[in-house]
Number of protein chains: 2
Amino acid sequence: MADYLPTSLARADTIAGLAKGLAVLESFDTERQRLNATMAAQRAGITRAAARRHLLTLAHLGYLESDGAYYWLAPKVLRFSGAYMATARLPRVVQPELHRLAARTGLSFSCAVRDGDFVVIVARSAVRESGDRLLAHGVHLGSRLPVHATSTGRVLLAALPDAERTAWLAGAELPRLTAHTVSDALALTAVLNDVRRLDYCLAVQEHELGIEALAVPLRDMRGNTLAALNVVTATNRMPPRELVAQMLPLLQEAARTLRPLV
Amino acid sequence: MADYLPTSLARADTIAGLAKGLAVLESFDTERQRLNATMAAQRAGITRAAARRHLLTLAHLGYLESDGAYYWLAPKVLRFSGAYMATARLPRVVQPELHRLAARTGLSFSCAVRDGDFVVIVARSAVRESGDRLLAHGVHLGSRLPVHATSTGRVLLAALPDAERTAWLAGAELPRLTAHTVSDALALTAVLNDVRRLDYCLAVQEHELGIEALAVPLRDMRGNTLAALNVVTATNRMPPRELVAQMLPLLQEAARTLRPLV
DNA sequence: TAAATTTGCGCGATGATCGCACAACAACCG
DNA sequence: CGGTTGTTGTGCGATCATCGCGCAAATTTA
């Protein structure tokens, strides 16, 4: 949804039509894959007539397909991720290292950055266990996972300046995703302090039952945290303690190797 | 450079701001990764002042990052591909089959659809040969490859109704990418007729030297060609004739298996 | 069949977007 | 070193694209 907060009033240079159109495009997500004008309007927070015009425009440009009444995402939207993946430095340098780690260990590795309340997967090397795809099988490039319940998200939150972290915590929702999710701001603060101290984060079954993950920050030479690297596995395949013992050194080494490159 | 059709602006019920904003966003590609207002303006075909406003809007919404003068794509653009991949039927059902093929053969398989002069990769299973990544290493999900010089592209062109094919050929550019690229409309017509007759396409070193690919159409139960499946390998690893002999049956079987699912 | 609800879309009013134009800055050079 | 030329940032009034109202058609419900 568009937020034109009056923080900086000089921001009159915004194209409303573009903001609305992207809000419409964003309202197609995992839950709502097919929308008509009415539904798109309420999801994007605009009027039905406006939603219709924006949907028609997006369909004409090829980003949506339509049967006349309903609209859904067209493959053309992949153009943006293709361009991002081809040009952005981060995924380009991180990807080979993730492949190396996956080949060496047989586990799945990802690299994520934060976007608001979510982390976005920008690189990933999933192991392909013939037959069973138990492991976070819905996680693609570009997947968005809640920042408070993921190892990568917490590493990225822990890297925020105190003021920013506090501000975020004040406005965050922290939904409980499993029985193990830390969904209380105070408890999460304590967790984040631990992450800062230890410089890694272990998240066991907080996002999905049976799944655990271990993340470390990826910093540049000036010490800015640019992203988080993590490894994901099933709890019944490797107990948490063993995960840390075996994988933390590998992740830290990868982060060190990548440091001059990112 | 690909001109973005001005016809879209002529159509009633189109939001000009949205069309321009997306043209601006599209002007970031592999060649031009960082743009300032002037460059974006000329690439998107709008005035500098307008480009500036649209860039600012996109940056505020989080789709672009900026240092004040230059702009580049932010990871948030992956949101669209994430949504597409999670919801679209085609990649969801095709992906596992591609993995199976790759695991069985040790070669790389893709699924592509057409978008204008390009094919868009919507699913892919690349083999990860430890160390050497000779194989079309720049091809990601969402990559766009020229339709006339790729096996998948030709399968998709061959499936067009005659009128549409002729119209496309009349306006197409057919750039020569290697010494082997068929870049003449008449010759391409002959190739496409062969593809129709054989119901597969072999493209040897037409897109990239040392690379060959074999594609078959993926049809639904009503006979509509929805996409193309292909396998890519190095010419020195498997001679063209052998590629067809060994891989064509597998691709055809995969297409048959997927037919009721797509 | 009628009533209730949803959807498609035309239309005139209005305010968002347009690009001109000028100032500030940078680069080049005679 | 000052003059000249090219580039960039952005304010401003005019204009035309966008707004959402509201009706009619389509669809659903009773």
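The sequence lines fix the lettering, A, B, ..., with proteins before strands; numbering per chain opens at 1.
- For the atom pair CG of B/Leu78 and CE of B/Met85, the computed distance is 12.0 Å after rounding to the nearest 0.5 Å.
- No donor-acceptor distance shorter than 3.5 angstrom exists from the side chain of A/Ser110 to the backbone of A/Ile121, with no hydrogens or angles considered.
- Among residues two or more places apart in sequence or in another chain, the ring pair (Phe, Tyr, Trp, His ring centres under 6.0 Å) test is passed with B/Phe80 by B/Tyr63.
- B/Ile15 places its CD1 atom 16 Å from the C1' atom of C/dC18, with the value rounded to the nearest Å.
- Among residues two or more places apart in sequence or in another chain, the side-chain hydrogen bond (donor to acceptor under 3.5 Å, both in side chains) test is passed with A/Glu97 by A/Arg100.
- Residues forming a side-chain hydrogen bond (donor to acceptor under 3.5 Å, both in side chains) with A/Ser27 (at least two apart in sequence, or on another chain): none.
- The distance from atom CD1 of B/Ile46 to atom P of C/dC18 is 8 Å, rounded to the nearest whole Å.
- Counting to the nearest Å, the C1' atom of C/dC18 and the CG atom of A/Leu18 are 16 Å from each other.
- In the helix from C/dT1-D/dA30 to C/dG30-D/dC1, the end axes, each obtained as the rotation axis mapping the C1' atoms of four pairs onto the next four within a five-pair block, lie 40° apart to the nearest 10 degrees.
- Sorted by first then second residue, the side-chain hydrogen bond (donor to acceptor under 3.5 Å, both in side chains) pairs that include residues 152-165 of chain A, not counting sequence neighbours, are A/Arg154-A/Glu206, A/Asp162-A/Arg196, A/Arg165-A/Asn193.
- Using modelled atom types, one finds no donor on one side chain facing an acceptor on the other under 3.5 Å when comparing A/Gln33 with A/Trp72.
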Distances for protein N/O vs nucleotides 6-10 of chain C N/O pairs under 3.5 angstrom?
unit_1 : atom_1 : unit_2  : atom_2 : d
C/dT7  : OP1    : A/Asn36 : ND2    : 3.3
C/dT7  : OP2    : A/Thr38 : OG1    : 2.8
C/dG8  : N7     : A/Arg48 : NH1    : 3.1
C/dG8  : O6     : A/Arg48 : NH2    : 3.3
C/dC9  : OP2    : A/Arg52 : NH2    : 3.2

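- In terms of phosphate contacts, A/Lys20 brings a side-chain nitrogen or oxygen within less than 4.0 Å of OP1 or OP2 of D/dC19.
- Rounded to an integer number of Å, the gap from NE2 of A/His54 to P of D/dT18 is 8 Å.
- Considering only side-chain atoms of B/Thr47, the nucleotide from C/dG19, C/dC18, D/dG20 that sits closest is C/dG19.
- Taking both residues in full, the closest heavy atoms of A/Phe28 and B/Ala83 are given as O-CB, 3.6 Å, listed atom of the first, atom of the second, then distance.
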